[in-house]
Amino acid sequence: MTDKKEGGSKKLWGGRFAEGTAASVETFTASIQYDSRLYKYDIAGSKAHAAMLATQGILSSSELEAIVTGLTEIGREIEAGSFEFKPELEDIHMNIEKELVDRIGPAGAKLHSARSRNDQVALDFKMYLREQCSQIIELIDGVNRAFVTLAREYLGHIMPGYTHLQRAQPVQIAHHLLAYYEMFARDKSRMTDCRKRMNLSPLGCAALAGTGLPIDREQVAAALDFDGVTTNSMDTAGDRDFAIEFTSNCAMIQLHLSRLSEELVLWSSQEFSFVDISDKFCTGSSIMPQKKNPDIPELIRGKSGRVVGSLMCLLTLVKGLPLTYNRDLQEDKEPVFDAVDTVSSSLAIMAELLENLKFKTGRMAEATKTGFITATDLADYLVLKDVPFREAHGIVGQAVAYCLEKGCELEDLSVDELALFSGKIDSDVFEVLSVEGSVNSRLSTGGTSLQRVEEAVGEAEKKLGIV
Ligand code: ARG
């Protein structure tokens, strides 16, 4: 590759250009400000590609050695912060390749044989994202370990379960906590699937049609720990499904964190007063000296907008694109990077917050004493005495109305009073009207009885390797 005549383009791709690029265009098209994040993968990909070119006799062994040494040096300098990135070289691929050519000469100029930036960028992005999948999985495990530890600690303590944010039925605190464990376990499984699906090497698809040079895609794939190679070169050049799937998984994680945050905000309010978020994870008010604000969950909740926004950005980006590569696709990186940073930092801090969270068990138990929280149990009691459920529902509704009038709870009524609503009610009714009785009667699979929840905690501990 030779520089153009005076006044011509000095780009690696400048052969057919008589004039240099306008400065405004260089600024507008550059992605190096953000895609420098991919340098490690770009260098690893280039080394594997060069090794394959050498196996195929396209590079000599001394050329390969020069390339590998040059790339290692460049990698070290980037790592150390001493490498100068040039916006006029557009992106990470060109910045590294141009520097290599400048350092080692003609051997460096052979590196791009049988490769295009289209398959190169897909490779770098996939290698980056599969690593992020693994890191996010570890962060999810951190949050789930905190949930399971809390569930074990609070096993047997009871709180109101809510629907419509109205007290509904009593549940174990541990059951509520394990609901989040399940949500995050699904997120983990989605990330695992996503990693597996994306782990096919795109390298060798070249610009869009494959290459006439005698390459060995499988060799490169194996060297870079891919499970195999992609099938269709045109699909590969324009495929960003893997990035969309990844970001969609991130959006789901952030939504789960956001729902949890909403509960933490509510529960730490004086109105609920169910939890105490450690001082370390709260902030004060600049004007109101008494305030202790739950800023961490609020910020996590707030950040869900960014991650959902990233997903929307990617979906819209790809929507109208014809096959194969289009420069629009360069816009895929910033939203993904932002999703990675947001989800990773949110998961990490949520785990820490949970590790320091205290439940006010007395206050939570107290909240189960009002609100006719065992009304369904009374209906079920009647069902077991052969009253059709709809009829039982009506009977209990009338009893609740009676209590409201009287200003008491169901269990405050005498058997005689209860019998006014149904002759099937007997003194054994008080067992089902007690909160503990209600909780422990829910032995159905996935239910909130102590027995079922203890098993669930044990299962979760096993999965997370907690002994
Ligand atoms: N910086 C580009 C991107 O991120 C790399 C691929 C450029 N390919 C091209 N044909 N201009 O998408």
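One-based numbering, in listed order, for ligands and for the atoms of each. Values reported hereafter were calculated over all heavy atoms of this structure, with side chains retained and with hydrogens, waters and symmetry mates removed. Note that the coordinates shown come from a computational prediction; the quantities given were computed from them, not determined experimentally.
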Subset of ligand 1 atoms that lie under 4.0 Å from at least one heavy atom of Lys333: 3 (C), 4 (O), 12 (O)
Ligand-side contact atoms (ligand 1) for residue partner Asn118, heavy atom cut-off under 4.0 Å: 8 (N), 9 (C), 10 (N)
Proximal ligand 1 atoms for Ser31, defined as those under 4.0 Å from one of its heavy atoms: 1 (N)
Gln120 versus His49, side-chain donor and acceptor atoms under 3.5 Å: no
Polar side chain donor-acceptor pair, Ser82 to Arg76, under 3.5 angstrom: no
Phe226 six-ring centre to Arg130 NZ/CZ under 6.0 Å and within 45° of normal: yes
Distance from atom 11 (N) of ligand 1 to nearest protein heavy atom, with residue and atom: Arg117 NH2, 3.5 Å
Nitrogen or oxygen atoms of Asp91 and ligand 1 under 3.5 Å apart: yes
Close-contact set for ligand 1 against Gln330 heavy atoms, below 4.0 Å: 1 (N), 2 (C), 3 (C), 4 (O), 12 (O)
Among Glu26, Glu19, Glu88, salt bridge (Lys or Arg N to Asp or Glu O under 4.0 Å) partner for Lys11: Glu26
Ser438 side chain to Gln169 side chain, donor-acceptor N/O pair below 3.5 angstrom: no
Proximity winner for atom 6 (C) of ligand 1, if only heavy atoms of Tyr325, Phe125, Tyr34 are counted: Tyr325
Test: Arg37 cationic atom under 6.0 Å from Tyr128 six-membered ring centre, within 45° of axis: no
